[in-house]
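The block underneath contains the structure these notes are about, expressed in structure tokens.
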Amino acid sequence: MGRRGLVAAGGMTLVLTLVGAGLGSHRWAVAHVEHYTADVAWTTNCVPCHFSARGGTVLDRILRPRYRTPLEIASCPGTGRLYVTAQDADALLVVDPATRKVESEIPVGHRPHGVVLNRDCTLAYVTNQNSDSVSVVDLHSGRTAATLPTGFAPAGVALDPSGERLFVANWFGDDISILDPARGAEVTRLAAGKNPTAVGVSPDGRWILVSNQLARPARRPEPPVSEVTLVDAVQGRVIMRHELKNAHLLEGVAFAPEGDLALVTLVRTKNLLPALQVERGWMMTSGFAVVDPLRNRTVQLPLDEVEQFFADPSHVAFTPDGRYAFISHGGVDVVSVVDMSSLRRLLRETDPGELSRFANHLGITRRYVRKRIRTGANPRGLAVSPDGRFVYVAERLDDRIGIIDVERLERVGEIDLGGPRHITLVRRGERVFHSGRYTFQQQFSCRSCHPNSHVDGLAYDFEPDGLGRNLVDNRSLLGLRGTEPFKWNGKNTSLYMQCGIRFARFLMRTEPFRFQDLNALVAYISSLEKPPNRHPSEVTELTPAQERGREIFERSRTREGEMIPVENRCITCHPPPHYTDRIRGTVESASPEDGGDGAFDTPQLNGVAKTAPYLHDGKALTLEEIWTLYSPDDTHGVTGDLGKEGLNDLIDFLKTL
Amino acid sequence: MLQRMKPSRSGNPPARSPGRFPWVLLAAGAALLAIPGSLYLFSGPEKPERFLLVITEAGDVSTSGDDTPSWIAEGRNGDKDLRILTGEFWSATSPSVSHDGRRFLFIGRRTREAIPGIWEMGIRKAASRRITKGNGAPDEPAYLPDGRILFSDVPPGKDGKGNASRSIFSCASDGSDVRRLTFGRHRDSRPEVLPDGRIRFRRGFQTSGRAPAALTMTIRPDGTGLARFLGDPPESPHPVAGSAMDPGEGRKLLDAIVVANRPVPPVLTSIVNKKRSTGTLLCLNAYESQLPRIANLPPGSIQRVRITEAETPSGWEGETTRVPVLAEAPVFPDGSFFVEVPADTPLRLTLLGKGGRELASLETGIWVRPNENRGCIGCHENPELAPENRVPIALTQAASGSKREGGFRGP
């Protein structure tokens with residue numbers, strides 16, 4: 001073979017090798033994508049999943065835009081100025097609705113949530129959810145004059161008309177702080193329901209109503225019950241706990257100007273039914289409760305209609321004349337207008353027995369909902385102008401304030417809050433997460449089951465593994481990255497699979513996410529950090545009890561000195577940093593209704609203090625019950641030798657994770 | 001803003017003068033920009049609205065349509081000339097435009113003697129292809145969002161014999177893989193796809209006496225989830241353009257539809273599994289009913305439910321006939337029952353009291369598809385009700401049908 005022949009043969013070999021490698025790598029990439037998505041390979045490009053979904057695109061990382069994310073609004077009666085909490089900017093925005101401009105941006109604590117003004121609008125009180133504090137903002141100087149400590153993760157806030165008492169709902173603390181702003185001290189703390197969220201004050205300042213977002217943990221077949229807490233503002237004590245059966249996600253609360261009733265937004269869950277369809281509100285319906293605060297009378301009414309659904313109601317505001325109540329629906333970008341005279345007539349003319357049936361009557365809604373007004377993305381906080389002519393709505397994921405004309409009941413304008421124009425992949429995913437348009441008839445969003453990206457505290461019965469069997473507890477999305485596989489049987493190897501085609505078939509009941517939306521959703525969920533731990537954490541020293549609990553968690557011998565088998569030590573299945581070994585195991589927790597081999601994905605323990613109920617089907621209502629009720633023979637670690645104090649120490653330590 | 005240059009230290013004029021602002025050039029540029037702008041602002045719609053017209057010869061028109069020649073033509077607002085698209089056909093009716101506005105389906109016959117079938121044709125390039133090749137009587141074709149084709153036709157077998165039954169079907173875009181979506185001896189017609197992805201159709205009833213009023217029903221595209229449609233009629237995907245169009249001298253306008261792009265509805269996922277031959281029926285509370293004879297039953301009086309095939313071609317409530325029992329299940333004190341039933345079979349439910357005494361018999365008109373778990377709130381309950389959140393006792397007891405084995409398979 002001559003030189004030319006050698007060159008030709010070598011060239012041919014090289015070409016064939018490259019083609020073969022190309023074909024082989026393509027086949028491998030297709031198989032790889034299909035393995036991690038359980039779907040056809042939409043793409044074999046590595047970048048979307050392995051780069052963009054882990055922190056954003058190149059442009060996202062260069063620009064690092066900081067959005068405003070307006071949540072709640074307070075309107076000054078004297079000047080009409082708006083004060084808006086900007087969650088992602090850690091700021092209070094001062095907005096002039098006349099010029100439709102942001103006048104100033106005042107730094108406050110981390111993740112501001114609620115805002116309330118004193119009577120002459122010289123001070124604003126802003127709750128900082130991740131700083132556990134209230135910023136007292138001097139509106140003349142535009143600076144934070146003082147910072148008041150609160151309970152864990154303060155959310156809603158209200159001020160009594162005298163300005164002497166500040167009421168703060170501590171979302172993570174399950175309690176209500178009553179603060180004396182003059183002294184800068186907490187007067188008392190009252191027990192609330194689960195995850196208190198919003199605070200409403202009666203027009204005469206006598207009564208405070210607190211909505212509690214989640215239902216108290218309940219063991220099937222007991223229905224979930226949520227609480228609206230009524231506080232006597234003068235005496236500073238709880239005088240009534242209104243119970244709303246089969247309702248949760250109680251968020252917005254407001255008194256009518258007449259003071260005789262209050263409205264509380266809610267979602268009626270259907271978690272006790274098998275999730276075999278979505279039609280006709282079989283999964284959940286959105287509505288509100290009419291609360292007669294002093295007579296312990298509540299009536300639940302729907303906001304959905306038979307063929308139209310309005311997901312995620314979250315805030316409510318009345319016009320000063322009491323003619324209308326406006327309710328924002330974050331999942332469908334709509335504000336509902338409730339005609340209060342029609343509602344009052346319905347309440348007056350219907351006997352109580354019939355009224356109680358209206359909670360599930362989707363045909364009744366048209367008797368009091370006057371109009372649905374389209375808004376920007378994820379409408380949340382509402383405020384009414386002092387003259388009652390306009391309603392302002394925080395279009396949270398558009399960084400805008402929408403302006404609604406009350407007379408025309410139309411959105412007539414907007415105020416740009418100056419957020420970045422560049423929309424990152426994570427931000428797009430946040431919009432997907434909060435939007436109901438990916439479920440059949442827009443009946444719910446990801447947020448409907450994962451409020452605040454966390455848990456709703458309920459267990460569900462999904463269809464494909466048999467009705468009435470294999471219940472699954474909802475799991476938090478906070479700090480999820482690095483804890484795959486997902487799903488209680490550990491079969492979903494990635495978030496792409498978890499939120500993929502089976503999710504659409506058995507939950508969304510419409511078409512699966514398109515790849516661009518799914519990739520953005522994965523990027524958003526992956527970006528969620530675990531919340532700051534309110535119990536002493538790694539940055540502070542453990543208390544003696546927690547230190548004893550840590551030793552129990554890491555121990556290899558019982559108190560009698562017997563060796564604990566490796567597979568039955570806490571630390572074996574729950575190693576740091578996420579406190580999961582990410583493999584399936586059995587702790588004999590399966591119920592008679594469960595199929596399969598009784599092995600479950602080992603859950604991560606980060607933030608475990610706030611993810612009740614526990615175990616795969618949510619049957620353990622507290623951490624204690626995991627061992628006292630469901631591990632009598634030391635099948636879930638060895639705890640039989642600990643006694644009550646030892647178990648308390650262990651639980652004290654777990655709460656620090 | 002223009003910035004003046006500072007004079008030099010020597011006092012001499014600067015080396016380069018800013019010169020005069022080119023106002024002339026600016027004005028010329030603005031004028032050039034204004035031309036397309038004004039064209040945009042003051043012009044009417046870019047394209048005249050287009051229609052598909054079904055026309056026939058003026059004169060007597062057969063009510064059945066079988067003996068009447070007809071054509072489909074394209075017309076535009078303000079344009080008197082029509083473009084006949086189906087000139088090679090003896091008759092062409094029931095046009096339905098694709099979501100992208102480029103193609104349309106119609107029922108066509110090339111000759112008077114030919115069997116009508118579903119045809120598809122491009123609107124610009126009028127090449128046609130036949131889709132259905134069977135001997136049925138397909139009608140009212142429409143595009144499904146996944147590319148399949150929806151139509152009504154005479155059902156096969158006993159459902160279609162000796163009566164005027166029609167059912168809803170779908171087939172692949174080449175006419176293969178025909179799937180029946182509605183069951184029973186009804187007159188199911190006018191299928192259309194709703195913006196939420198479901199199929200809406202009209203259900204007429206056949207009785208020997210006075211027929212109940214027709215109902216508007218919905219199903220999912222796989223035939224599951226039969227329900228009454230209770231919402232406002234949404235905008236029709238094929239709004240009739242009205243009589244504004246002039247079909248021309250010697251012609252008569254039978255129908256007109258707009259040709260335009262429309263949003264593609266979502267492709268709803270399906271749980272139908274053809275390997276299975278049954279589905280299940282879960283009723284939450286049999287006492288929940290709008291029928292007084294059921295609603296007034298004392299609690300605990302319903303002991304069992306018997307499922308038979310709905311044989312009688314009657315309305316919602318017909319007489320019971322002696323037909324084989326498909327399934328029977330206990331009704332629990334909360335009114336719940338859970339029963340496995342044969343798929344694709346119209347069902348009659350008979351509520352039984354103590355000693356097997358018949359309390360009520362319901363021609364439900366419902367069916368389950370293979371692998372469908374159908375949930376009902378009650379027996380002829382108010383269709384505007386959402387279910388109450390309560391664990392049905394029937395699910396906590398041993399199910400009357402067979403249970404599938406296996407572990408967690410949720411989403």
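Proteins get letters first, then strands, A, B, ... in listed order; numbering begins at 1 in each.
In terms of heavy atoms, Q443(A) sits closest to A311(A) at O-CB, 3.6 Å. Residues I294(B) and A286(B) share a closest heavy-atom pair of CG2-O, 3.3 Å.
Using a 4.5 Å cut-off between heavy atoms, R220(A) touches chain B through its side chain atoms alone. Neither the backbone nor the side chain of D304(A) comes within contact range of chain B; no heavy atom of the residue lies under 4.5 Å from a heavy atom of that chain. Looking at D146(B), there are no atoms closer than 4.5 Å to chain A (heavy atoms on both sides), in backbone or side chain. Proximity to chain A is limited to the backbone of S270(B), based on heavy atoms less than 4.5 angstrom apart. Interface residue E307(A): only side-chain heavy atoms are found under 4.5 Å from chain B. For chain B, no part of R437(A) is nearby; none of its heavy atoms comes within less than 4.5 Å.
Exactly one of F503(A), F433(A), F513(A), F444(A) qualifies for a ring-ring contact (aromatic ring centres under 6.0 Å, His included) with Y438(A). That residue is F513(A).
Side-chain contact between W367(B) and V341(B) is absent, with no heavy atoms from C-beta onward closer than 4.5 Å.
With chain B as the partner, the residue from I501(A), T285(A), N271(A) showing the most heavy-atom pairs under 4.5 Å is N271(A). Per-residue counts of heavy-atom pairs under 4.5 Å with chain B were compared for R357(A), Q308(A), R268(A); the largest is that of R357(A). Interface summary for chain A: among P383(B), P145(B), G197(B), A227(B), the most heavy-atom pairs under 4.5 angstrom belong to P383(B). Of the listed residues I271(B), L282(B), V391(B), the one with more heavy-atom pairs under 4.5 angstrom with chain A than any other is V391(B). Of the residues considered (R198(B), R374(B), E372(B)), R198(B) shows the highest number of contacts with chain A, using heavy-atom pairs under 4.5 Å. Note on L284(B), V267(B), T218(B), L268(B): by heavy-atom pairs under 4.5 Å with chain A, the leading option is V267(B). The candidate from Q441(A), K245(A), E222(A) with the greatest count of non-hydrogen atom pairs under 4.5 Å with chain B is Q441(A).
Residues E388(B) and N246(A) bring a donor and an acceptor atom of their side chains to less than 3.5 Å of each other. Looking only at atom types and distance, the side chain of T278(B) has a donor-acceptor partner in the side chain of E340(B) under 3.5 Å away.
Ring to ring, F506(A) and Y460(A) are not that close: their centroids are 6.0 angstrom or more apart.
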Walk me through it: do K270(A) and W282(A) pass the test side chain to side chain contact (heavy atoms under 4.5 Å, CB included)? CA-CA 7 Å; K270(A) 312 292 177 186; W282(A) 194 276; 5.6 Å; no
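The closest donor-acceptor contact from the side chain of W488(A) to the backbone of D617(A) lies at 3.5 Å or more, if one exists at all.
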